[in-house]
Amino acid sequence: MEESCAACGKADVNLKSCKACKLVKYCGVDCQVAHRSKHKKACRQKVKELFDKQLFAEPRKREDCPICMLPMPCNEEEYCYMPCCGKFICNGCVCCLSREVCPFCNTPASQDCGDENENKMMMERIEKFNDANAMNCLGSNYSSGANGFDIDHSKAAELFQRASELGCANAHFNLGNAYSNGKGVQVDKKKALHHYQSAAMMGSIQGRCHLALMEAQDGNLVRAVRHFMIAAKCGHDTSLEGVKRGFMEGLITKEDFEKTLREHQASKDETKSEQRDRAR
């Protein structure tokens, strides 16, 4: 079937699709502008459907700890960023192996968690490699006052913003928290939602859980439960509680509930080790 311009009906080899929805094609900008009032509603609906398809897709596989080769835990507190080599290592390997050197690159470790050496290494990685994870960790130090930093939420938000633009999922999550709580930036729920969505689509389970909570607060319970189910299947305990409440309120079928329970346990078993248990 020969394609034609949605506005004038002219068939043309140079037809160009609507950039937003790809549903219709036009022979030129004039036709696209003329047809906008008729196409706008369908276009927005299709764009929303495409976005939701991406948002609710199965999360990308988590990276393995480079030492024990087990999948990383879903909670950010259960693994560490090593500023010497830029690697993430699970707490089990950090705590159970030599504490005098980095378990991955053998760089001598700081004996004091507040040692300036660790901060210096993060700053060097930012300067030399534009390391988004180092930016995010440095921002977390400014946000919490860790490693001898004075609390500076504005500086933290600036670093989270830079890291998020470089594709750091945890930075999107932290920036979502900043906009949600008004720390370093003005409270902006729309921006908080955007960054939680970005974090979730990039694999942040904590970001998806917060996204579910925001949806629930806005009364979007079905969407909230869908997010809880995705996060719970990755082993997130808080999200599992959200799934249980959803099942009790009739928002989840028995079949989906049982499947989520099985996948949650399988994910927990996959990341479990004696070393990680001892590190808790």
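Note that the structure is a prediction, hence the values are computed from the model and not measured.
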Review point. When clusters are formed from ILVMFWY side-chain contacts under 4.5 Å, directly or step by step, what else is grouped with Leu23?
Key: Val24, Tyr26
Exercise for review: Please determine, by modelled atom types, if Ser180 and Asn177 share a side-chain donor-acceptor pair under 3.5 angstrom.
Suggested key: no
**Study point:** With His227 via ring-ring contact (aromatic ring centres under 6.0 Å, His included) - residues at least two apart
**Key:** Phe56
Exercise for review: Using ring-ring contact (aromatic ring centres under 6.0 Å, His included) as the criterion, list what pairs up with Phe160, not counting sequence neighbours.
Suggested key: none
Exercise for review: Apply the test side chain to side chain contact (heavy atoms under 4.5 Å, CB included) to residues Asn147 and Asn141: give CA-CA distance (whole Å), side-chain angles for both, the deciding distance (0.1 Å), then the verdict.
Suggested key: CA-CA 6 Å; Asn147 278 24; Asn141 287 343; 4.0 Å; yes
Review point. Do Asp256 and Met229 come within less than 4.5 Å of each other through their side chains, counting heavy atoms only?
Key: yes
Study note, to complete from the structure: In this structure, CG of Asn170 is separated from OG of Ser204 (nearest 0.5 Å) by 5.5 Å
**Study point:** Residues in side chain to side chain donor-acceptor pair (under 3.5 Å) contact with Lys259, at least two apart in sequence or another chain
**Key:** none
Exercise for review: Can you tell me which residue pairs pass the side-chain hydrogen bond (donor to acceptor under 3.5 Å, both in side chains) test with a partner in residues 150-164, sequence neighbours excluded?
Suggested key: Gln161-Glu165
Review point. In chain order, what residues pass the ring-ring contact (aromatic ring centres under 6.0 Å, His included) check against His172, with sequence neighbours excluded?
Key: His195
Practice item. Write out all pairs satisfying salt bridge (charged side-chain N to carboxylate O under 4.0 Å, His left out) with one or both partners inside residues 68-92, taking only residues at least two apart or from two chains. Key: Glu78-Arg280
Check your understanding: Can you pull the salt bridge (charged side-chain N to carboxylate O under 4.0 Å, His left out) pairs that have at least one residue in residues 21-40, sequence neighbours excluded?
Key -> Glu3-Lys25
Practice item. Locate the shortest heavy-atom distance separating Cys96 from Arg278; write the atom from each residue and the value. Key: SG-NH2, 3.8 Å
Only pairs under 3.5 Å count here: list side-chain donor-acceptor contacts from residues 239-252, not counting sequence neighbours, and write none if there are none.
from, atom 1, to, atom 2, distance (Å)
Ser239, OG, His236, ND1, 2.9
Glu241, OE2, Lys244, NZ, 3.4

Review point. Taking ILVMFWY side chains as joined if any heavy atoms are under 4.5 angstrom apart, and letting links pass through other members, which residues group with Met123?
Key: Met72, Tyr79, Tyr81, Phe88, Met122, Ile126, Met135, Leu138, Tyr142, Phe149, Leu159, Leu166
Point to revise | Pairwise side-chain hydrogen bond (donor to acceptor under 3.5 Å, both in side chains) hits with a residue in residues 53-67, at least two apart | key: Arg62-Ser267
**Study point:** Asp218: salt bridge (charged side-chain N to carboxylate O under 4.0 Å, His left out) partners, not counting sequence neighbours
**Key:** none
